[in-house]
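Contents: one structure, followed by commentary.
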Amino acid sequence: MTTRRYLLMVMVLLGILAANGQPDVRVAKYYGDREGALTFTFDDGLGEHYTEVFPRLKALGLKASFGIIGSKVGREWKGVAMMTWAQLREMAADGQEITSHGYRHNALIKLQGEALRYEVQHNDTLISDSVGVFPRTYFYPGNRKTDEGVAFCSRHRVGTRMFQGSFGSKRDSAWVQRTLQRTIKKHEWTVWMTHGISKGYDAFPDPQLLWNTLQQVAGMQDQLWICTLHDGLAYAAERDTVQLDIKQKGGKLTVTPSMALDKSLFCHPLTLVIDCDVAEALQERKRLAVKHNGKKSLVDFNPHGGTITIIQ
(Lines give C-alpha, C1' and ligand atoms only; values in the text may rest on other atoms or scores of the structure.)
Protein backbone atom coordinates (compact mmCIF):
# COMPACT_ATOMS: atom_id res chain seq x y z
CA MET A 1 0.00 0.00 0.00
CA THR A 2 1.43 3.36 -0.98
CA THR A 3 1.98 6.05 1.66
CA ARG A 4 -0.46 8.33 -0.13
CA ARG A 5 -3.21 5.71 -0.13
CA TYR A 6 -2.56 4.88 3.52
CA LEU A 7 -2.82 8.55 4.55
CA LEU A 8 -6.05 8.88 2.58
CA MET A 9 -7.56 5.89 4.38
CA VAL A 10 -6.50 7.32 7.77
CA MET A 11 -8.12 10.66 6.92
CA VAL A 12 -11.36 8.95 5.91
CA LEU A 13 -11.35 6.87 9.11
CA LEU A 14 -10.76 9.94 11.26
CA GLY A 15 -13.61 11.68 9.48
CA ILE A 16 -15.95 8.80 10.25
CA LEU A 17 -14.91 8.77 13.92
CA ALA A 18 -15.39 12.53 14.21
CA ALA A 19 -18.82 12.30 12.61
CA ASN A 20 -19.85 9.59 15.07
CA GLY A 21 -17.85 10.92 18.00
CA GLN A 22 -19.03 12.16 21.35
CA PRO A 23 -20.22 15.78 21.29
CA ASP A 24 -18.46 18.27 23.52
CA VAL A 25 -20.21 18.64 26.88
CA ARG A 26 -19.22 21.32 29.38
CA VAL A 27 -20.54 23.66 32.06
CA ALA A 28 -21.16 27.21 30.85
CA LYS A 29 -19.01 29.99 32.31
CA TYR A 30 -22.15 31.88 33.30
CA TYR A 31 -25.69 30.73 34.00
CA GLY A 32 -27.69 30.38 30.80
CA ASP A 33 -24.45 30.45 28.78
CA ARG A 34 -24.54 34.24 28.77
CA GLU A 35 -21.55 36.19 27.51
CA GLY A 36 -20.95 37.99 30.81
CA ALA A 37 -22.44 38.69 34.24
CA LEU A 38 -23.38 41.86 36.10
CA THR A 39 -24.18 42.41 39.78
CA PHE A 40 -25.56 45.53 41.45
CA THR A 41 -24.55 45.85 45.11
CA PHE A 42 -25.96 48.58 47.36
CA ASP A 43 -24.05 49.38 50.54
CA ASP A 44 -25.17 50.59 53.98
CA GLY A 45 -28.97 50.05 53.82
CA LEU A 46 -30.13 53.57 52.96
CA GLY A 47 -33.86 54.26 52.95
CA GLU A 48 -33.69 55.19 49.26
CA HIS A 49 -32.69 51.63 48.47
CA TYR A 50 -36.22 50.64 49.47
CA THR A 51 -38.22 53.67 48.31
CA GLU A 52 -36.40 54.29 44.99
CA VAL A 53 -34.30 51.27 43.95
CA PHE A 54 -36.46 48.35 45.04
CA PRO A 55 -39.64 49.39 43.14
CA ARG A 56 -37.64 49.70 39.91
CA LEU A 57 -35.90 46.37 40.40
CA LYS A 58 -39.25 44.72 41.07
CA ALA A 59 -40.88 46.28 38.00
CA LEU A 60 -38.00 45.13 35.77
CA GLY A 61 -37.71 41.67 37.30
CA LEU A 62 -34.12 42.26 38.44
CA LYS A 63 -32.37 41.11 41.61
CA ALA A 64 -29.58 42.92 43.46
CA SER A 65 -27.61 42.61 46.71
CA PHE A 66 -27.99 44.94 49.70
CA GLY A 67 -25.33 45.09 52.42
CA ILE A 68 -26.86 45.96 55.79
CA ILE A 69 -25.27 47.61 58.84
CA GLY A 70 -27.30 46.08 61.64
CA SER A 71 -26.78 48.86 64.20
CA LYS A 72 -28.12 51.48 61.77
CA VAL A 73 -31.35 49.78 60.65
CA GLY A 74 -34.45 51.92 61.29
CA ARG A 75 -32.35 54.92 62.31
CA GLU A 76 -30.88 58.02 60.73
CA TRP A 77 -27.16 57.82 59.93
CA LYS A 78 -25.09 60.77 58.80
CA GLY A 79 -28.27 62.72 58.14
CA VAL A 80 -29.81 60.00 55.95
CA ALA A 81 -32.75 57.72 56.81
CA MET A 82 -31.97 54.00 56.80
CA MET A 83 -34.20 51.07 55.87
CA THR A 84 -36.32 49.33 58.49
CA TRP A 85 -36.46 45.62 59.24
CA ALA A 86 -39.99 45.44 57.83
CA GLN A 87 -38.78 46.90 54.54
CA LEU A 88 -35.87 44.47 54.42
CA ARG A 89 -38.22 41.54 55.00
CA GLU A 90 -40.36 42.69 52.07
CA MET A 91 -37.31 42.92 49.82
CA ALA A 92 -36.04 39.50 50.87
CA ALA A 93 -39.47 37.99 50.13
CA ASP A 94 -39.13 39.37 46.58
CA GLY A 95 -35.80 37.57 46.10
CA GLN A 96 -33.46 40.51 46.68
CA GLU A 97 -30.31 39.48 48.56
CA ILE A 98 -30.08 40.94 52.06
CA THR A 99 -26.56 40.43 53.33
CA SER A 100 -24.01 41.74 55.83
CA HIS A 101 -21.94 44.91 55.79
CA GLY A 102 -20.85 44.57 59.42
CA TYR A 103 -22.71 45.42 62.64
CA ARG A 104 -21.13 48.85 63.11
CA HIS A 105 -19.46 49.27 59.68
CA ASN A 106 -16.04 48.83 61.27
CA ALA A 107 -13.13 48.21 58.90
CA LEU A 108 -11.72 44.74 59.46
CA ILE A 109 -8.14 46.02 59.44
CA LYS A 110 -8.90 47.45 62.89
CA LEU A 111 -10.42 44.26 64.28
CA GLN A 112 -9.24 40.90 65.49
CA GLY A 113 -10.25 38.23 67.94
CA GLU A 114 -13.47 38.89 69.87
CA ALA A 115 -14.02 42.32 68.26
CA LEU A 116 -13.90 40.75 64.80
CA ARG A 117 -16.21 37.94 65.84
CA TYR A 118 -18.79 40.35 67.27
CA GLU A 119 -18.74 42.70 64.26
CA VAL A 120 -19.40 39.82 61.89
CA GLN A 121 -21.41 37.25 63.81
CA HIS A 122 -23.66 39.64 65.72
CA ASN A 123 -24.73 41.19 62.42
CA ASP A 124 -25.35 37.73 60.94
CA THR A 125 -27.57 36.80 63.88
CA LEU A 126 -29.44 40.10 63.78
CA ILE A 127 -30.18 39.81 60.07
CA SER A 128 -31.16 36.16 60.38
CA ASP A 129 -33.53 36.82 63.30
CA SER A 130 -35.02 40.02 61.86
CA VAL A 131 -35.26 39.19 58.14
CA GLY A 132 -35.49 35.41 58.19
CA VAL A 133 -32.47 34.74 55.97
CA PHE A 134 -28.90 34.10 57.04
CA PRO A 135 -26.46 36.29 55.06
CA ARG A 136 -24.27 34.04 52.92
CA THR A 137 -22.02 36.79 51.54
CA TYR A 138 -20.21 39.74 53.12
CA PHE A 139 -19.38 43.31 52.01
CA TYR A 140 -16.19 44.63 53.63
CA PRO A 141 -16.71 48.11 55.17
CA GLY A 142 -14.48 50.55 53.32
CA ASN A 143 -13.40 47.54 51.23
CA ARG A 144 -10.52 47.15 53.68
CA LYS A 145 -9.66 43.66 54.76
CA THR A 146 -6.96 41.39 56.15
CA ASP A 147 -6.22 37.74 55.47
CA GLU A 148 -7.59 36.92 58.93
CA GLY A 149 -10.72 38.93 58.26
CA VAL A 150 -11.34 37.36 54.86
CA ALA A 151 -10.87 33.86 56.29
CA PHE A 152 -13.28 34.58 59.15
CA CYS A 153 -15.93 36.26 56.98
CA SER A 154 -15.80 33.43 54.44
CA ARG A 155 -16.92 30.79 56.95
CA HIS A 156 -20.36 29.32 56.26
CA ARG A 157 -20.79 31.52 53.18
CA VAL A 158 -20.59 31.08 49.44
CA GLY A 159 -18.00 33.90 49.41
CA THR A 160 -17.40 37.59 50.04
CA ARG A 161 -17.18 40.68 47.85
CA MET A 162 -13.53 40.69 46.86
CA PHE A 163 -13.79 42.97 43.80
CA GLN A 164 -16.12 45.79 42.76
CA GLY A 165 -16.28 49.02 40.81
CA SER A 166 -17.78 52.20 42.27
CA PHE A 167 -20.95 53.31 40.48
CA GLY A 168 -22.00 56.73 41.76
CA SER A 169 -21.06 60.38 41.65
CA LYS A 170 -18.00 60.02 39.40
CA ARG A 171 -19.71 58.06 36.61
CA ASP A 172 -21.55 59.04 33.46
CA SER A 173 -23.41 57.26 30.66
CA ALA A 174 -20.24 56.89 28.56
CA TRP A 175 -18.56 55.00 31.41
CA VAL A 176 -21.60 52.74 31.77
CA GLN A 177 -21.58 51.88 28.05
CA ARG A 178 -17.83 51.18 28.03
CA THR A 179 -18.15 48.92 31.06
CA LEU A 180 -21.07 46.96 29.63
CA GLN A 181 -19.31 46.52 26.29
CA ARG A 182 -16.11 45.33 27.99
CA THR A 183 -18.05 42.91 30.21
CA ILE A 184 -19.58 41.23 27.17
CA LYS A 185 -16.54 41.36 24.92
CA LYS A 186 -14.14 39.97 27.54
CA HIS A 187 -16.69 37.60 29.13
CA GLU A 188 -16.23 39.20 32.54
CA TRP A 189 -18.24 39.38 35.73
CA THR A 190 -18.71 43.04 36.67
CA VAL A 191 -19.76 43.96 40.23
CA TRP A 192 -20.96 47.52 40.78
CA MET A 193 -21.02 49.14 44.23
CA THR A 194 -23.45 51.98 44.99
CA HIS A 195 -24.16 53.91 48.20
CA GLY A 196 -26.31 57.04 48.03
CA ILE A 197 -28.88 57.59 45.30
CA SER A 198 -29.94 61.24 45.57
CA LYS A 199 -28.40 61.84 49.00
CA GLY A 200 -25.69 60.38 51.17
CA TYR A 201 -22.18 59.18 50.37
CA ASP A 202 -21.20 59.16 46.67
CA ALA A 203 -24.76 59.98 45.55
CA PHE A 204 -25.50 60.46 41.86
CA PRO A 205 -25.66 64.07 40.59
CA ASP A 206 -28.64 62.78 38.60
CA PRO A 207 -30.10 59.39 39.67
CA GLN A 208 -31.58 59.05 36.19
CA LEU A 209 -28.25 57.51 35.20
CA LEU A 210 -28.99 54.56 37.51
CA TRP A 211 -32.60 54.24 36.35
CA ASN A 212 -31.56 54.31 32.69
CA THR A 213 -28.90 51.67 33.37
CA LEU A 214 -31.35 49.35 35.10
CA GLN A 215 -33.76 49.73 32.19
CA GLN A 216 -30.99 49.04 29.66
CA VAL A 217 -29.58 45.91 31.30
CA ALA A 218 -33.07 44.49 31.81
CA GLY A 219 -33.21 44.32 28.02
CA MET A 220 -29.78 42.69 27.72
CA GLN A 221 -30.46 39.51 29.65
CA ASP A 222 -29.85 37.28 26.64
CA GLN A 223 -26.22 38.47 26.81
CA LEU A 224 -25.78 39.40 30.47
CA TRP A 225 -26.64 37.37 33.55
CA ILE A 226 -27.95 39.95 36.05
CA CYS A 227 -27.33 38.12 39.31
CA THR A 228 -27.01 38.72 43.02
CA LEU A 229 -23.56 38.48 44.55
CA HIS A 230 -24.66 35.27 46.25
CA ASP A 231 -25.73 33.60 43.01
CA GLY A 232 -22.66 34.74 41.09
CA LEU A 233 -20.28 33.43 43.76
CA ALA A 234 -22.17 30.16 44.20
CA TYR A 235 -22.31 29.47 40.46
CA ALA A 236 -18.59 30.23 39.97
CA ALA A 237 -17.55 27.92 42.84
CA GLU A 238 -19.80 25.11 41.60
CA ARG A 239 -18.69 25.54 37.98
CA ASP A 240 -15.03 25.36 38.95
CA THR A 241 -15.50 22.36 41.25
CA VAL A 242 -18.00 20.05 39.57
CA GLN A 243 -16.68 16.97 37.78
CA LEU A 244 -18.61 15.43 34.88
CA ASP A 245 -18.42 11.72 34.11
CA ILE A 246 -19.64 11.48 30.49
CA LYS A 247 -20.53 8.28 28.66
CA GLN A 248 -22.12 7.73 25.26
CA LYS A 249 -24.08 4.76 23.95
CA GLY A 250 -25.77 5.14 20.59
CA GLY A 251 -27.72 8.36 20.49
CA LYS A 252 -27.79 8.69 24.27
CA LEU A 253 -25.37 10.51 26.59
CA THR A 254 -25.21 10.06 30.33
CA VAL A 255 -23.60 12.81 32.37
CA THR A 256 -23.00 12.19 36.06
CA PRO A 257 -21.97 15.29 38.03
CA SER A 258 -20.05 15.05 41.28
CA MET A 259 -19.15 17.91 43.58
CA ALA A 260 -17.62 18.05 47.05
CA LEU A 261 -19.09 21.45 48.01
CA ASP A 262 -21.67 21.72 50.80
CA LYS A 263 -25.01 21.30 49.04
CA SER A 264 -26.82 23.35 51.69
CA LEU A 265 -24.77 26.37 50.53
CA PHE A 266 -23.86 25.62 46.94
CA CYS A 267 -27.12 24.68 45.29
CA HIS A 268 -27.49 27.04 42.34
CA PRO A 269 -28.41 25.27 39.08
CA LEU A 270 -25.58 24.94 36.55
CA THR A 271 -25.96 25.25 32.78
CA LEU A 272 -24.78 22.32 30.68
CA VAL A 273 -23.68 23.14 27.12
CA ILE A 274 -23.91 20.30 24.60
CA ASP A 275 -22.52 20.88 21.11
CA CYS A 276 -25.32 19.10 19.29
CA ASP A 277 -29.08 19.14 18.93
CA VAL A 278 -30.71 17.58 22.02
CA ALA A 279 -34.21 16.14 21.77
CA GLU A 280 -34.72 15.43 25.47
CA ALA A 281 -32.89 15.67 28.80
CA LEU A 282 -33.77 14.07 32.12
CA GLN A 283 -32.09 14.05 35.53
CA GLU A 284 -33.06 10.99 37.55
CA ARG A 285 -36.28 10.74 35.47
CA LYS A 286 -37.16 14.41 35.96
CA ARG A 287 -37.53 16.19 32.64
CA LEU A 288 -35.20 19.17 32.17
CA ALA A 289 -35.93 22.11 29.90
CA VAL A 290 -33.78 22.20 26.77
CA LYS A 291 -32.94 25.50 25.09
CA HIS A 292 -31.51 25.49 21.58
CA ASN A 293 -28.94 28.16 20.79
CA GLY A 294 -27.61 27.77 17.26
CA LYS A 295 -25.69 24.49 17.09
CA LYS A 296 -25.66 24.20 20.89
CA SER A 297 -28.22 22.90 23.35
CA LEU A 298 -28.45 24.29 26.89
CA VAL A 299 -29.74 22.37 29.89
CA ASP A 300 -29.93 23.68 33.47
CA PHE A 301 -29.26 20.94 36.02
CA ASN A 302 -28.89 20.34 39.74
CA PRO A 303 -25.20 19.61 40.46
CA HIS A 304 -26.28 17.39 43.39
CA GLY A 305 -29.20 15.81 41.55
CA GLY A 306 -27.76 12.64 40.05
CA THR A 307 -27.19 11.37 36.52
CA ILE A 308 -28.43 13.34 33.52
CA THR A 309 -29.63 11.43 30.45
CA ILE A 310 -29.37 13.31 27.16
CA ILE A 311 -31.16 11.96 24.09
CA GLN A 312 -29.97 13.28 20.76
Side-chain angles (χ1 to χ4, degrees), residues 24-34 36-39 41 63-67 92 95-101 108 117 120-121 123-125 127-128 131-140 145-164 187-191 225-247 253-274 281-286 288-289 291 298-310:
D24 184 53
V25 179
R26 62 193 180 279
V27 174
K29 184 172 184 180
Y30 300 114
Y31 186 55
D33 198 33
R34 272 94 160 188
L38 176 65
T39 295
T41 63
K63 308 303 179 189
S65 299
F66 297 83
Q96 308 300 328
E97 182 187 5
I98 308 303
T99 192
S100 179
H101 198 28
L108 297 194
R117 186 203 65 78
V120 176
Q121 292 187 346
N123 208 43
D124 289 344
T125 300
I127 292 172
S128 180
V131 180
V133 292
F134 190 94
R136 297 300 183 183
T137 61
Y138 194 88
F139 297 179
Y140 298 102
K145 44 195 173 288
T146 62
D147 290 345
E148 178 190 2
V150 170
F152 189 84
C153 291
S154 298
R155 296 177 187 174
H156 312 298
R157 303 185 203 273
V158 297
T160 63
R161 191 179 64 184
M162 298 294 290
F163 61 92
Q164 67 282 315
H187 308 291
E188 294 178 340
W189 178 20
T190 292
V191 177
W225 180 30
I226 314 301
C227 61
T228 63
L229 184 68
H230 172 280
D231 288 355
L233 288 169
Y235 187 96
E238 294 170 32
R239 175 200 67 206
D240 295 343
T241 305
V242 70
Q243 299 292 316
L244 304 178
D245 180 33
I246 305 168
K247 293 182 173 63
L253 283 171
T254 59
V255 181
T256 305
S258 59
M259 192 170 68
L261 296 175
D262 182 349
K263 65 181 179 180
S264 69
L265 288 175
F266 296 92
C267 51
H268 195 283
L270 293 174
T271 298
L272 201 65
V273 182
I274 308 104
L282 303 100
Q283 187 167 30
E284 297 296 331
R285 300 183 181 180
K286 180 180 179 181
L288 303 176
K291 180 180 179 181
L298 309 179
V299 176
D300 294 338
F301 70 98
N302 177 356
H304 304 282
T307 296
I308 304 157
T309 302
I310 297 168

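Fair warning: this is a prediction, and the values are worked out from it, not measured in the lab.
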Non-hydrogen atoms of [X] and [Y] that approach each other most closely:
X: T271; Y: F301; result: C-CE2, 4.2 Å
X: A260; Y: T241; result: N-CG2, 4.4 Å
X: V191; Y: T41; result: CG1-CG2, 3.9 Å
X: L108; Y: C153; result: CD1-SG, 3.5 Å
X: L233; Y: W189; result: N-CH2, 3.5 Å

Side chains of [X] and [Y]: closer than 4.5 Å at any heavy-atom pair?
X: T99; Y: H230; result: no
X: L272; Y: L244; result: yes
X: I310; Y: V299; result: no
X: V255; Y: V25; result: yes
X: T307; Y: Q283; result: no
X: V158; Y: Y235; result: no
X: C227; Y: Y30; result: no

Under the rule for side chain to side chain contact (heavy atoms under 4.5 Å, CB included), what residues qualify as partners of [X], not counting sequence neighbours?
X: H156; value: R136
X: T125; value: D129
X: S258; value: Q243

[X]: partners by side-chain hydrogen bond (donor to acceptor under 3.5 Å, both in side chains), with sequence neighbours left out:
X: E148; result: none
X: Y140; result: T160
X: D124; result: R157

State the [atom1]-[atom2] distance between [X] and [Y], to the nearest 0.5 angstrom.
X: E284; Y: N302; atom1: CD; atom2: CG; result: 10.0 Å
X: I98; Y: S128; atom1: CD1; atom2: OG; result: 13.0 Å
X: Y138; Y: K145; atom1: OH; atom2: NZ; result: 11.5 Å
X: T254; Y: I246; atom1: OG1; atom2: CD1; result: 9.0 Å

- State, without any angle test, whether T137 and E97 hold a side-chain donor-acceptor pair at a distance under 3.5 Å.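 A pair is found: one side chain offers a donor N or O, the other an acceptor, under 3.5 Å apart.
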The criterion is salt bridge (charged side-chain N to carboxylate O under 4.0 Å, His left out); which residues satisfy it with [X], sequence neighbours excluded?
X: K247; value: D245
X: D262; value: none
X: D147; value: none
X: D33; value: K296

- Item | Inter- and intrachain pairs under salt bridge (charged side-chain N to carboxylate O under 4.0 Å, His left out), touching residues 231-244, at least two apart |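 Matches after skipping sequence neighbours: none remain.
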- Item | Residues that Y31 engages under ring-ring contact (aromatic ring centres under 6.0 Å, His included), provided they are two or more places apart |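 With neighbours one apart ignored, the set is W225, H268.
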